[in-house]
Amino acid sequence: LRYTSKFIEAEETFKKAKEEFPASIRISNQGGQLYADQQLYDKAIEEFEISLRNAPANEEAWVWKIFCLRCLLRNNDVQT
């Protein structure tokens with residue numbers, strides 16, 4: 001759903017999965033990527049931080065968190 005830009009349906013599905021599996025690293029990573037795709041970087045970072053609390057060595061979450069932080073920095077530079 002993320003890849004077809006069906007963001008509303010993807011977010012609804014993510015929220016249902018998150019309720020069912022609140023500690024799932026894979027679901028948190030997917031949610032973070034979903035938010036990043038929509039340029040909702042703060043929400044994305046929150047999801048990646050959940051993944052990292054549950055699995056500090058989660059390389060995918062670290063890479064995506066860094067990406068989101070870089071995007072936020074870029075956006076701040078553009079606004080100033």
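Taking E49 as the reference, K65 meet the salt bridge (Lys or Arg N to Asp or Glu O under 4.0 Å) condition, with sequence neighbours excluded.
In this structure, L69 is a member of the same hydrophobic cluster as Y41, with clusters built from ILVMFWY side-chain heavy atoms closer than 4.5 Å.
Side-chain contact of K18 with S24: a donor-acceptor pair under 3.5 Å is absent, judged by distance alone. Q30 and E47 form no side-chain donor-acceptor contact under 3.5 Å, judged by distance and modelled atom types alone. Inspection of the E46 and Y35 side chains reveals no N or O donor paired with an N or O acceptor under 3.5 Å.
The aromatic rings of F48 and W64 sit parallel, their planes meeting at an angle under 30°, below the 60° perpendicular limit.
Here the CG atom belonging to D42 is positioned 5.0 Å from the CG atom belonging to L72, to the nearest 0.5 angstrom. Summarising the geometry, atom OG belonging to S28 is positioned 8.5 Å from atom CZ belonging to R53; distances are rounded to the nearest 0.5 Å. Atom CD of residue E19 and atom NZ of residue K16 lie 9.0 Å apart, to the nearest 0.5 angstrom. Between the SG atom of C71 and the CD1 atom of I45 there is a distance of 9.0 Å, given to the nearest 0.5 Å.
When each of N29, I25, N58 is checked for a side chain to side chain contact (heavy atoms under 4.5 Å, CB included) with L52, only N58 meets the rule.
Counting all heavy atoms, side chain and backbone alike, G32 lies closest to A44 at O-CB, 3.2 Å. Taking each heavy atom of F14 and I27 in turn, the nearest pair found is CE1-O, 3.3 Å.
The existence of a salt bridge linking E11 and K43 is confirmed by a sub-4.0 Å separation between a basic side-chain nitrogen and an acidic carboxylate oxygen.
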